[in-house]
Amino acid sequence: MRTSNWMVLVLLVLTITAVAQQSAPATQTAQPAAASEPISAQPAPPLAQAPPTTMDQVVDRFIERENDLIKMLAPRTPVVETYLQNLTQDTTLGPVPKDDRYFLGRMDLSESIDRSDYLKDKDEGMEKHLLGGFTKMFKFQYTPLGFSWMVYADRNDFDRQHYDFRYVRREFLGDVRTLVFDVTPKKDAGRGRFLGRIWVEDQDFNIVRLNGTYTRPSRNSYYFHMDSWRLNLIPGYWVPTYIYSEEGDFTAGAKNKIAFKAQTRMWGYNLKNSTANDELTQIRVDSVKDETPAAQDASPLAAQREWQQQAEDNVLERLERSGLLAPEGDLDKILQTVVNNLQITNNIELPRPVRTRVLITSPLETFSVGNTIVISRGLIDVLPDEASLAAVLAHELAHIVLGHNLGSQYAFNDRMLFSDEATYQNLGFKHIPEEEASADKKAIEMLKNSPYAQKLDTAGLFIKALQTRAPQLTALLQAHLGNNIADQGMVTRLSQLATSAPALDWNKLDQIAALPLGGRVKLNPWDNRVEMVKAQPVAITSARDKMPFEVTPFFPRLTRYGANAPNGGAAPATTASSANAPSTTN
Ligand SMILES: [Zn+2]
C-alpha cells in the first residue's frame with residue numbers, strides 16, 4: 001500500500017517539476033552548487049489577496065493558510081529527529097542531563113501524523129497513545145510521535161468552531177513583523193486541543209511560531225509544552241523546522257516528578273521518496289562516454305582503487321537520498337581546509353583528494369568511506385574550536401592514510417537497494433579495535449606536526465568534558481554508522497589527548513571545553529543544505545551558561561524567503577577560504 005503511494009508521488013513530482021521549471025526559474029536562484037540535486041516540486045505560492053482590514057479577516061486568513069500548509073505537506077515525508085535529555089539537579093551546574101533518548105524517523109504528514117523509524121528498537125506502544133507525550137502507567141515512556149505531533153496547532157480542526165482567537169500585539173521575530181494571537185479551545189472542543197500563543201507574519205498571514213501545550217489529556221497520558229518554529233524556505237510557505245519541549249520544576253519543594261528538555265528537528269521536506277521497488281523501476285539512460293585518454297587497461301591496483309571509488313560514490317549517494325547526508329556545500333570546504341592543513345604539514349600525498357561531508361543527525365560520530373570523511377552535525381556543534389575539529393578529523397584521515405578501507409562491499413549495487421528507514425541496518429563502517437588504536441596513534445602524530453600542535457589543550461579538554469558526560473549521554477554517543485567515540489561510559493577515541501590537557505574546571509569561565517548542541521551548523525530543512533551559523537558571541541557569566549553537550553531552546557532569526565542576500569539557508573554563509581572555521585567564539 002505504501003509502495004503504491006510512493007510511486008504515485010514520484011509521478012506527481014516529475015509532473016510538477018516540469019511545470020516548475022518552465023514557469024518559475026527565478027525560484028531556483030542562489031543555489032550555484034545545486035547542480036547535482038534533483039530539482040523537485042515546489043508548491044505554488046498563495047495567490048495575492050487584498051490585505052485584510054479587520055482582525056477577524058486576519059484570523060480567517062491564517063486559518064486558511066494553515067490548512068493550505070497541511071495540504072502542501074500531506075504528500076511529504078520529512079526526516080524527524082528528537083533528542084531528549086532527562087534532567088537532574090546539580091548544585092553547581094543546575095539542571096544537568098541524567099540520561100538521554102534519541103529518535104529518528106520519517107514522518108508521514110498525510111491523513112494523520114505517522115512515522116516510521118530508522119532505529120531498530122521501535123516503541124511498541126506507539127499507536128496506543130497517539131496524541132500524548134508518554135503514559136504514566138508503569139513508567140514514563142516517551143513516544144517519538146508525541147513530539148512530531150506538535151508541528152501543527154491542530155491537524156484536523158483549526159477553526160472558529162473549536163477555538164477562540166484573541167489579538168495581543170505586534171512583535172518582530174528576527175526580520176519578520178508578526179501579529180500575536182492567544183488561542184484557547186472552546187469549552188466543548190474536546191481533548192487534545194491547542195492552548196497557547198501563535199505568531200502570524202503580516203504579509204501572507206502564515207503561522208511562524210506556536211508556543212503552548214494541548215488541553216485535557218486522557219487519564220494515562222500527558223501533553224508536553226512546546227515551542228514550535230517554522231522557516232520561510234519556499235515562496236509563500238513557512239515550514240515546521242524546530243520544536244523545543246521542556247518539562248520540570250526545580251524550585252524548592254517541587255514534586256519534581258519529571259524533568260527533561262528535548263529538541264525536535266525536521267528536514268528533508270524535498271526528499272524524493274524512494275524504496276527498493278521504486279529503485280528497480282527507475283530507467284536510466286546513460287549517455288556519458290568514457291573519457292579515459294587512449295585505450296588503457298586498468299592495472300590491478302588501479303582496478304582496486306576504481307572499485308573503492310565506486311563503493312564510496314554508491315554510499316554517499318544513498319545516504320544523501322535517505323536524507324541523512326547534506327549535499328556538498330560550503331561547510332565541506334571549511335572542513336576540507338582543516339584536513340588540508342593536516343595533510344600538507346605531514347607531507348601526505350594521496351592518489352585522490354580527501355573530501356568531507358556532513359551527516360545531518362545529532363549523535364556524535366565520524367566515519368570514512370573511501371576518501372571521504374563524514375562527520376555528524378551534532379559533533380561539529382559541540383566542538384569548542386578548530387584544533388578539536390582537526391583532532392576528530394585527524395582520526396579519520398589516519399584511517400585513510402593507513403589504508404583501512406571499509407565498505408568496498410558497497411560497490412555491488414544490489415546492496416544499495418533498501419528502504420530509507422533501513423539505512424542503519426544496511427550500511428556500517430565500524431573498524432576493528434586494532435585499527436581504531438592505530439588510527440588514534442597516527443592521528444596524534446599528525447596533529448603534533450600540524451599548525452594545531454600548540455592548541456591541543458582544548459582538544460584534550462574536549463575529551464575530558466566528554467568523559468564527564470559520557471555515562472549519562474549514551475544515546476548522544478551511540479554512533480549509527482561509524483565507531484562509537486565512547487563505550488560503556490568511557491571515552492575511547494583520542495583519549496591520549498586528555499592526559500596532557502589542563503584540569504577541567506567548570507567554574508573557570510574562560511575555559512570552554514564543549515559547546516551546547518545546535519550552536520554551529522544551520523540546516524535548510526527544505527533542501528538539506530548546511531552552513532555555519534552566524535551568531536554573536538554571548539558572554540558567559542556563570543558555570544551554568546556553559547551547558548556542554550546540552551539541549552537548549554531554539555531561537556532562529558526569522559527572515560523572509562529571498563530577503564536581501566537570500567537567507568533561510570540558501571546563501572553561503574562563509575567563503576571557501578574562510579579560516580575562521582570553528583573558532584572560540586563563545
Ligand atoms: Zn576510527
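One-based numbering, in listed order, for ligands and for the atoms of each.
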What is the name of the N/O/S atom of Glu436 that is nearest to the Zn ion (ligand 1)? OE2
Parallel, tilted or perpendicular: which fits the ring planes of Tyr242 and Phe554, with parallel below 30° and perpendicular above 60°? parallel
The Zn ion (ligand 1) to nearest N/O/S of His395 below 2.8 Å: yes
Specify whether His399 and His431 have parallel, tilted or perpendicular ring planes, treating 30° as the upper limit for parallel and 60° as the lower limit for perpendicular. parallel
Quick check with a 6.0 Å cut-off and a 45 degree axis cone: is Arg318 positioned over the face of Tyr410's six-membered ring? no
Metal proximity, His399 vs the Zn ion (ligand 1), N/O/S cut-off 2.8 Å: yes
Does this structure show an ion pair linking Arg469 with Glu550, if we count only N-O contacts that are shorter than 4.0 Å? yes
